[in-house]
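Down below is the structure, laid out as structure tokens.
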Amino acid sequence: MSSTKASPSRAFLIRVPLDELGVIDAAELARDPLRATVLRTWSSEPDQFGHIERADGHWVFRCPRKRGEDVYRMPAVPLGLHDQVTVQDANGATQPFTVASIGGTNRSSAQA
């Protein structure tokens, strides 16, 4: 997903299984949590790699860093090509991102 507003040089690359409606497949992630990863890229900061988990009806991106972690929340909505998704940071600030591409594999992380 790439930023549509604040900075075009900000993006989240998320790797998750989607169900037939384009929603992150929670049942599949329960079977194989390693399939839910995120790469946060900001041009002004080092890239951060983390994981995605379900919490309070949202998807949470957790990106560890030297001191603590950065946490972002995304609503549990379908992810369609060119759809806009709002991501919220730990301070409550929101930023819209656009789903720039969708690719897939049906392989589990053990097969990848």
Side-chain angles (χ1 to χ4, degrees):
M1 298 182 302
S2 59
S3 175
T4 59
K5 187 177 178 183
S7 172
S9 62
R10 292 184 173 203
F12 288 100
L13 174 61
I14 62 173
R15 180 179 172 255
V16 292
L18 300 177
D19 67 15
E20 64 278 350
L21 300 175
V23 176
I24 296 175
D25 191 333
E28 182 61 32
L29 289 185
R31 283 189 293 277
D32 189 2
L34 297 177
R35 293 189 68 190
T37 60
V38 59
L39 175 66
R40 189 206 78 149
T41 61
W42 267 215
S43 64
S44 59
E45 298 177 16
D47 290 352
Q48 293 181 335
F49 184 78
H51 67 277
I52 301 171
E53 60 189 44
R54 182 87 172 174
D56 299 324
H58 289 81
W59 292 102
V60 177
F61 306 166
R62 295 188 179 279
C63 299
R65 52 189 171 135
K66 287 184 179 181
R67 295 186 183 138
E69 68 181 354
D70 288 330
V71 179
Y72 304 89
R73 289 171 30 121
M74 181 183 78
V77 296
L79 300 173
L81 188 59
H82 306 298
D83 285 353
Q84 199 169 75
V85 178
T86 300
V87 176
Q88 181 181 44
D89 68 21
N91 297 319
T94 60
Q95 185 170 339
F97 286 82
T98 299
V99 177
S101 66
I102 296 177
T105 177
N106 292 325
R107 297 181 300 167
S108 70
S109 62
Q111 297 171 318

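- Note that CG of Leu18 and CD1 of Ile24 are 7.0 Å apart. Values are rounded to the nearest 0.5 Å.
- The minimum heavy-atom distance between Val99 and Gly80, with the atom names listed, is CB-O, 3.3 Å.
- Contacts of Glu53 classified as side-chain hydrogen bond (donor to acceptor under 3.5 Å, both in side chains), with partners at least two apart in sequence or in another chain: His51, Arg62.
- Minimum interatomic distance between Ala100 and Leu81 (heavy atoms only, all atoms of both residues): O-CD1, 3.4 Å.
- Ring geometry for Trp42 versus Phe12: interplanar angle over 60°, hence perpendicular rather than tilted (30 to 60°).
- To the nearest 0.5 angstrom, Leu13 atom CG is 7.5 Å from Ser101 atom OG.
- Between atom CZ of residue Phe49 and atom OG1 of residue Thr41 there is a gap of 13.0 Å, rounded to the nearest 0.5 Å.
- Taking Arg31 as the reference, Glu28 meet the salt bridge (Lys or Arg N to Asp or Glu O under 4.0 Å) condition, with sequence neighbours excluded.
- Across Ile102 and Leu79, no two heavy atoms sit closer than the pair CD1-O, 3.2 Å.
- Across all non-hydrogen atoms, the minimal contact from Ala30 to Pro33 is O-CD, 4.1 Å.
- No side-chain heavy atom of Glu69 sits under 4.5 Å from any side-chain heavy atom of Gln48.
- Under the side chain to side chain contact (heavy atoms under 4.5 Å, CB included) criterion, Thr94 pairs with Thr86, Gln88, not counting sequence neighbours.
- For the pair Met74 and Ile52, the minimum side-chain heavy-atom distance is 4.5 Å or more.
- Cluster annotation: Tyr72 and Val60 are assigned to distinct hydrophobic clusters (Ile/Leu/Val/Met/Phe/Trp/Tyr, side-chain heavy-atom contacts under 4.5 Å, transitive).
- Heavy-atom minimum distance, Ser43 versus Ser9: OG-OG, 2.8 Å.
- By the salt bridge (Lys or Arg N to Asp or Glu O under 4.0 Å) test, Arg65 is found to be paired with Asp70, residues two or more places apart in sequence or in another chain being considered.
- The two residues Pro78 and Leu21 make their nearest non-hydrogen contact at CB-O, 3.5 Å.
- Contacts of Ala76 classified as side chain to side chain contact (heavy atoms under 4.5 Å, CB included), with partners at least two apart in sequence or in another chain: Arg54, Trp59.
- For the pair Asn91 (side chain) and Ala93 (backbone), a donor-acceptor distance under 3.5 Å is absent.
- For Pro75, the side chain to side chain contact (heavy atoms under 4.5 Å, CB included) test picks out His58, Val77, Val85, with sequence neighbours left out.
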